[in-house]
Colleague: 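One structure, pasted below without further comment.
This one's a predicted model, so the numbers in the text were calculated from it and none came from an experiment.
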Amino acid sequence: MELALYFPNLGYYTRDNIEIGKEGDFFTASHLGKVFGILLVRYIKILWEKLGYPQNFSITEIGPGMGYLCEDIMEELLSKENMLSNFKYNLVEINPYLKKRQQERLAKYLDYIRWYSSIDELFNLNGVVICNEIFDAFPVRIFEVKKGKLFEVYVTIDEKGDFIEKLMPARKETFEFIQESAQHVLEIDGYRSEINLRMKDFIEKLSKAVKRGFLLIFDYGWNNEEYYNPQRNKGTLLCYYKHTINENPYINIGLQDITSHVNFSVLQKWANDSGFELIEYMSQSKFLVSLCDEQLLERLKKQELIDKFKRLILPQGMGETHKVLILFKS
């Protein structure tokens, strides 16, 4: 999965012709007009105040895609209504092609923006860090239970050169994780799912980078109990290709997105262990609606953004599938 997504120049997220949005394979909240950015700015202003309006306030966005969310946030913050200009905006982008696209889109805001190629380059952050659909794109380990024993799924090729799966005894980290978080699945023959150990390393690195501030995580997923529900015995791994969904990661290699849902209980635990404290965990719908008032709704109507707002909050859209995890480090 890591090779398919991140192999230099050929992986899905590293190739030089990736498209995100209508012309690509999937879209995120930032592709539904300016409404997500407008609402986020409302919350960023609240957090800015909670931090005491520090002089070195920064907004850091991990994996900014085509730059839409940054553009919307910048436009809103610098508008006549807000007139907030004492901040820096950090973008962490691993793909040089996307970085160039972002620089073109954000040309008039270059005085505010700094680009980084890795979170390892970040330090002494004082402000807000945004992770919008980042953790679902991390490589995962797939496990399967056979006759009470735990195995991991490996990939090899047959005599025809086709990919085939091979079960091997689970590694120590995988076994320990299942023992701690999902021991009940060992009693379900054929049960198959994923564990995302990359989240632990990532959240630890973010904790080192953040001196004081808030971490906003938007993604689709469940808590641990829902994730490893006995009835969800085929896991959550999905592939997106030209806005169609399939469950076969062995086709369209490097050309389709491969994702798995986020286990928010585990992510929260690892965040706490790394020095973050929980502020809120809720549905995206509840979070966005809490930021609305009559004045904002009137503005969305005038700008013809109400339909896109509904897609962000309604259950049949992204309202309930996507969750918001808000963390703080002091």
Colleague: Do other residues, nucleotides or ligands put more than 12 heavy atoms under 6.0 Å from E187 CD?
Modeller: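 No, not enclosed.
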Colleague: Side chains of Y43 and V324: closer than 4.5 Å at any heavy-atom pair?
Modeller: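 No. Closest side-chain heavy atoms not under 4.5 Å.
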Colleague: Side-chain heavy atoms nearer than 4.5 Å, only ILVMFWY residues, links allowed to pass through others: does that put I44 and L122 together?
Modeller: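 No; L122 is not reachable from I44 via cluster members.
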Colleague: Using the rule that two of Ile, Leu, Val, Met, Phe, Trp, Tyr join whenever any of their side-chain heavy atoms come within less than 4.5 Å, decide whether L77 and F214 are in one cluster.
Modeller: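 Yes: a chain of side-chain contacts under 4.5 Å links L77 to F214.
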Colleague: Does a sphere of radius 6.0 Å around CD in Q179 hold more than 12 heavy atoms from other residues, nucleotides or ligands, not counting ones at 6.0 Å or beyond?
Modeller: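 Atom CD in Q179 is crowded, with more than 12 foreign heavy atoms closer than 6.0 Å.
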Colleague: To the closest 0.5 Å, what do you measure between CD (Q256) and CD1 (I251)?
Modeller: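 With rounding to 0.5 Å, CD (Q256) is 5.0 Å from CD1 (I251).
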Colleague: Hey, does I142 have a side-chain heavy atom less than 4.5 Å from the side chain of M1?
Modeller: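 M1 does not reach I142 side chain to side chain.
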Colleague: With a 3.5 Å distance limit and no angle check, can you tell me whether R114 reaches the backbone of K88 through a side-chain donor-acceptor pair?
Modeller: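 Side chain of R114 to backbone of K88, a donor-acceptor pair under 3.5 Å: no, none is there.
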Colleague: With the side chain counted from C-beta on, respond yes when F138 and V262 share a heavy-atom pair under 4.5 Å apart, and no when they do not.
Modeller: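 Of all side-chain heavy-atom pairs linking V262 with F138, none is under 4.5 Å.
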Colleague: Output yes when a side-chain donor or acceptor of T14 lies under 3.5 Å from a complementary backbone atom of F7, and no otherwise.
Modeller: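 Judged by distance alone, yes, a pair lies under 3.5 Å.
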Colleague: Would you indicate whether the side-chain heavy atoms of F309 and C292 approach each other to under 4.5 Å?
Modeller: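 In contact.
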Colleague: Please tell me whether Y109 and Y89 form a close aromatic pair, meaning their ring centres lie under 6.0 Å apart.
Modeller: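 No - the distance between ring centres of Y109 and Y89 does not fall below the 6.0 Å cut-off.
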Colleague: If you count every heavy atom of other residues, nucleotides or ligands that lies below 6.0 Å from F163 atom CZ, does the total exceed 12?
Modeller: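 Counting other residues, nucleotides and ligands, CZ of F163 stays at 12 neighbours or fewer.
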Colleague: If you compare all heavy atoms of Q102 against all heavy atoms of P64, which two are closest, and at what distance to 0.1 Å?
Modeller: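 Closest pair (atom of Q102, atom of P64, distance): NE2-CG, 3.4 Å.
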Colleague: Atom OG of S193 and atom CZ of R141: how far apart are they, to the nearest 0.5 Å?
Modeller: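 Atom-to-atom, S193:OG and R141:CZ are 14.0 Å apart.
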Colleague: So, Q284 side chain and L312 main chain: donor-acceptor pair closer than 3.5 Å or not?
Modeller: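 Answer holds: yes.
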Colleague: Check whether any side-chain heavy atom of N229 lies under 4.5 Å from a side-chain heavy atom of E226, and answer yes or no.
Modeller: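 No; the side chains remain at least 4.5 Å from each other.
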Colleague: Do T259 and E133 come close enough that some side-chain heavy atom pair is under 4.5 Å?
Modeller: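 Not touching, per the 4.5 Å side-chain cut-off.
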Colleague: Is there a donor-acceptor pair under 3.5 Å between the side chain of K323 and the backbone N or O of E320?
Modeller: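 The answer is yes, because a donor-acceptor pair under 3.5 Å joins these two groups.
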Colleague: Do K234 and E247 sit within salt-bridge range, that is, some charged N less than 4.0 Å from a carboxylate O?
Modeller: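 No, no charged N to carboxylate O under 4.0 Å.
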Colleague: Taking all non-hydrogen atoms of both residues, which atom of S283 and which atom of G319 are closest, and how far apart?
Modeller: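 Closest pair (atom of S283, atom of G319, distance): CB-O, 3.5 Å.
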Colleague: Should the ring pair H261 and Y220 be called parallel, tilted or perpendicular, given that the plane angle runs from 0 to 90° and is split at 30 and 60?
Modeller: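 Ring orientation, 0 to 90° scale: perpendicular.
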Colleague: Under 6.0 Å between ring centres, would you say that holds for F143 and F177?
Modeller: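 When the ring centroids of F143 and F177 are compared, they turn out to be at least 6.0 Å apart.
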Colleague: What distance do N224 atom CG and E180 atom CD have between them, rounded to the nearest 0.5 Å?
Modeller: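 Rounded to the nearest 0.5 Å, the CG-CD separation comes out at 9.5 Å.
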Colleague: Determine yes or no for a side-chain-to-main-chain donor-acceptor pair under 3.5 angstrom, with K329 supplying the side chain and S207 the backbone.
Modeller: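 Yes.
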Colleague: Counting only N and O atoms by type, is there a donor-acceptor contact under 3.5 Å from the side chain of D219 to the main-chain atoms of I134?
Modeller: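 It does hold such a pair.
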Colleague: Would you find a donor on one side and an acceptor on the other, under 3.5 Å apart, between the side chain of E152 and the backbone of R171?
Modeller: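 Side chain of E152 to backbone of R171, a donor-acceptor pair under 3.5 Å: yes, one is there.
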Colleague: Enter the distance from F135:CZ to N263:CG here, rounded to the nearest 0.5 Å.
Modeller: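 So the CZ of F135 and the CG of N263 are separated by 12.5 Å.
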Colleague: Please name the pair of heavy atoms, one in C70 and one in L106, separated by the smallest distance, quoted to 0.1 Å.
Modeller: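 Looks like SG-CD1, 3.7 Å.
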Colleague: Linking directly or through intermediates, with side-chain heavy atoms under 4.5 Å: list the remaining ILVMFWY members grouped with M168, chain and number order.
Modeller: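 When side chains under 4.5 Å apart are linked, the cluster holding M168 also contains Y154.
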Colleague: Out of I279, V210, L206, I217, which residue meets the side-chain contact (heavy atoms from CB on, under 4.5 Å) rule with L327?
Modeller: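 The single option meeting the side-chain contact (heavy atoms from CB on, under 4.5 Å) with L327 is I217.
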Colleague: Just wondering, do E204 and D273 contact through their side chains at under 4.5 Å, heavy atoms?
Modeller: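 Not touching, per the 4.5 Å side-chain cut-off.
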Colleague: Looking at N248, I want to see if its CG is surrounded by more than 12 non-hydrogen atoms of other residues, nucleotides or ligands under 6.0 Å.
Modeller: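 Counting neighbours around CG of N248, more than 12 heavy atoms of other residues, nucleotides or ligands fall under 6.0 Å, so yes.
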Colleague: Is the backbone N or O of K147 less than 3.5 Å from a side-chain atom of D189, with the two atoms forming a donor-acceptor pair by type?
Modeller: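 Yes, D189 side chain to K147 backbone: donor-acceptor pair under 3.5 Å.
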Colleague: Less than 4.5 Å apart, any side-chain heavy atom of I188 and any of V145?
Modeller: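 A side-chain contact under 4.5 Å is absent here.
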Colleague: Report the residue from I59, I62, I119 that forms a side-chain contact (heavy atoms from CB on, under 4.5 Å) with V129.
Modeller: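 Going through the options one by one, the only one that passes is I62.
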Colleague: Would you say N95's side chain and Y13's backbone share a donor-acceptor pair under 3.5 angstrom?
Modeller: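 Yes, N95 side chain to Y13 backbone: donor-acceptor pair under 3.5 Å.
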Colleague: Looking at F218, F264, W222, which hits ring pair (Phe, Tyr, Trp, His ring centres under 6.0 Å) with Y281?
Modeller: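 Only match with Y281 under ring pair (Phe, Tyr, Trp, His ring centres under 6.0 Å): F264.
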Colleague: Atom CD in E93, atom NZ in K100: separation rounded to 0.5 Å?
Modeller: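 Output value for this atom pair is 14.5 Å.
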Colleague: Please check: side-chain N/O of S260 versus main-chain N/O of L237, any donor-acceptor pairing under 3.5 Å?
Modeller: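 Judged by distance alone, no pair lies under 3.5 Å.
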Colleague: Out of curiosity, N86 CG to Q55 CD, how far, rounded to the nearest 0.5 Å?
Modeller: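 Answer for the CG-CD pair, N86 versus Q55, is 5.0 Å.
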Colleague: Determine whether I326 and F287 satisfy the following criterion, side chain to side chain contact (heavy atoms under 4.5 Å, CB included), listing intermediate values before the conclusion.
Modeller: CA-CA 10 Å; I326 305 171; F287 173 74; 3.9 Å; yes
Colleague: More than 12 foreign heavy atoms under 6.0 Å from CD of Q295: is that the case here?
Modeller: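 Not more than 12 within 6.0 Å, no.
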